[in-house]
Protein chains: 2
Amino acid sequence: QFEFVGEASNGVEALAFIKGTPIDILITDISMAEMNGTELTKQVKKNYPDIKVLVVTMFNDPAIINEILMAEAEGYILKNTGKAELVQALTQIADNGTFYSREIMEIMVKARMKRKTTSDLTISPRETEIIKLIGEELSTAAIAERLFISPRTVDTHRKNILEKTGCRTIVGLMKYAFENNLL
Amino acid sequence: QFEFVGEASNGVEALAFIKGTPIDILITDISMAEMNGTELTKQVKKNYPDIKVLVVTMFNDPAIINEILMAEAEGYILKNTGKAELVQALTQIADNGTFYSREIMEIMVKARMKRKTTSDLTISPRETEIIKLIGEELSTAAIAERLFISPRTVDTHRKNILEKTGCRTIVGLMKYAFENNLL
DNA sequence: TTCAAAATACCTATTACTACTGATTTCCCT
DNA sequence: AGGGAAATCAGTAGTAATAGGTATTTTGAA
């Protein structure tokens with residue numbers, strides 16, 4: 001049910017081809033000379049928002065998958081998956097949907113779990129509370145007022161938190177908080 | 001290929017049952033009286049790390065799915081999916097794998113895209129660069145040194161960035177940066 | 001009950017950031 | 001050639017946070 005309209009051997013060629021020939025779906029790899037798949041996807045999405053992009057590649061690195069997700073591709077499947085899945089991916093994408101193969105999902109979930117379990121510092125409940133309030137952009141004084149304690153105490157908590165987490169500034173603390181879902 | 005060993009009508013009952021009867025896989029809903037599925041999953045994972053958890057529910061809210069992912073369930077499928085998918089989920093999970101149905105993946109991807117596209121402020125390349133360096137816990141002076149520009153200039157950039165993003169402090173900026181994947 | 005961790009509180013400096021205002025240059029687009 | 005955004009630089013104040021230190025009270029576990 002699909003019509004093959006052309007091919008290109010890298011990102012630059014692909015963009016040139018699209019310029020002359022209107023297409024509905026673009027199937028691309030990630031590693032290519034001249035312009036890689038991620039960059040190509042971004043360019044296509046920027047200049048031709050209606051063109052759907054399906055990434056078919058061997059890469060299963062969470063970081064790369066994340067980049068592709070951010071580039072807003074409609075689909076991502078691994079090269080070793082069957083023909084049936086490719087057809088289903090194309091069908092769903094043609095129908096204004098998205099398609100990410102099960103392997104991809106699993107990779108992301110696992111990466112996520114890993115990230116979560118790598119930290120097991122002993123941050124006390126009160127400290128966690130303070131971190132949350134810091135995350136709400138409250139100053140030391142404001143936090144003290146909110147918790148009905150002295151600003152000095154909040155100071156001490158901040159100090160202890162920074163020491164425990166190994167951060168030098170609140171910026172580092174915020175990164176820590178985000179990575180460990182404390183907010 | 002599976003053996004049914006028992007059932008419970010809420011989280012508390014389930015925990016009590018597990019206490020007396022060893023099980024391999026727990027299938028649970030999310031909304032339950034006494035103790036919800038997310039909490040149950042966390043408790044089970046904490047006390048019986050070897051028990052696999054498959055969540056079968058009607059919820060398709062990204063926030064809830066995220067909670068479940070964080071609770072480290074091995075699988076998540078929607079109630080309206082077919083029996084074949086349920087069996088496959090159980091099979092994969094029994095085989096030390098994970099299973100998240102395609103719908104779930106799509107919901108997450110869409111939520112992610114939405115989050116990304118809701119913000120289209122005009123932050124300049126230089127400003128983005130500054131944000132990244134702030135994220136590296138560099139002070140204004142340090143950033144100036146790194147970029148070979150005056151600290152005053154960095155000051156101005158910071159000011160403009162805060163104004164553009166509507167943040168009052170760097171903490172707010174860091175939240176913005178994380179939500180928009182600027183780091 | 002005794003010990004340790006957590007939470008509470010204070011002091012003194014120094015450093016860093018925010019708020020206000022104003023200005024020049026460079027570069028791209030029309 | 002002109003307009004406008006981006007990037008550059010400067011001053012002055014005031015506010016907030018970090019780095020040292022010290023010390024008391026509460027609380028939960030052994």
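Each chain gets a letter, A, B and so on, in the order its sequence line appears, and its residues count up from 1.
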A:T21: what forms a side-chain hydrogen bond (donor to acceptor under 3.5 Å, both in side chains) with it, not counting sequence neighbours? none

Quick one: list whatever passes side-chain hydrogen bond (donor to acceptor under 3.5 Å, both in side chains) with B:E85, sequence neighbours left out. none

Compute the bend angle of the helix from C:dT1-D:dA30 to C:dT30-D:dA1 from the end axes (five pairs per end), rounded to 10°. 60°

Going by chain and number, the hydrophobic cluster around B:F148 (ILVMFWY, side chain to side chain under 4.5 Å) further includes none

With ILVMFWY side chains joined below 4.5 Å, transitively, what does A:F99's cluster contain besides itself? A:F2, A:I25, A:I27, A:L54, A:V56, A:I77, A:L86, A:L90, A:I93

So which protein nitrogen or oxygen atoms get under 3.5 Å of nucleotides 25-28 of chain D's nitrogens or oxygens?
none

Between A:K45 (side chain) and A:D50 (backbone), is there a donor-acceptor pair under 3.5 Å? no

Would you please name every residue forming a salt bridge (charged side-chain N to carboxylate O under 4.0 Å, His left out) with A:K79, sequence neighbours left out? A:D29

Residues forming a side-chain hydrogen bond (donor to acceptor under 3.5 Å, both in side chains) with A:E136, sequence neighbours excluded: none

By side-chain hydrogen bond (donor to acceptor under 3.5 Å, both in side chains), which residues pair with B:T140, not counting sequence neighbours? B:R158

Give a yes or no on whether B:D61 atom CG has more than 12 heavy-atom contacts from other residues, nucleotides or ligands under 6.0 Å away. yes

Any sub-3.5 Å donor-acceptor pair from A:E74's side-chain atoms to A:T98's backbone N or O? no

Spacing between B:I143 atom CD1 and D:dT8 atom C1', to the nearest angstrom: 16 Å

Assess whether a salt bridge exists between A:E129 and A:K132, defined as any Lys/Arg side-chain N lying under 4.0 Å from an Asp/Glu carboxylate O. no

Letter per nucleotide, 5' to 3', of nucleotides 9-18 of chain D [B base touched, S only sugar-phosphate touched, - untouched; heavy atoms, 4.0 Å]: BBBB----SB

Contact boundaries on DNA chain C for chain B, cut-off under 4.0 Å to non-hydrogen atoms: C:dC17 to C:dT21

Taking CG in B:D24 as the centre, count heavy atoms belonging to other residues, nucleotides or ligands within less than 6.0 Å. Is the count above 12? no

Sorted by number, the residues of residues 125-134 of chain A with heavy-atom contact under 4.0 Å to DNA chain C: A:P125, A:R126

Mind listing the closest non-hydrogen atom pair of A:I131 and A:A177 along with its distance? CG2-CB, 4.0 Å

From CD of A:E163 over to P of D:dA19, roughly how many Å is that when rounded to an integer? 10 Å

Ignoring hydrogens and angles, tell me if any N or O in the side chain of B:E137 forms a donor-acceptor pair with the backbone of A:C167 under 3.5 Å. no

Whether the side chain of A:K175 engages the backbone of B:G135 through a donor-acceptor N/O pair (distance < 3.5 Å, no angle test) should be reported. yes

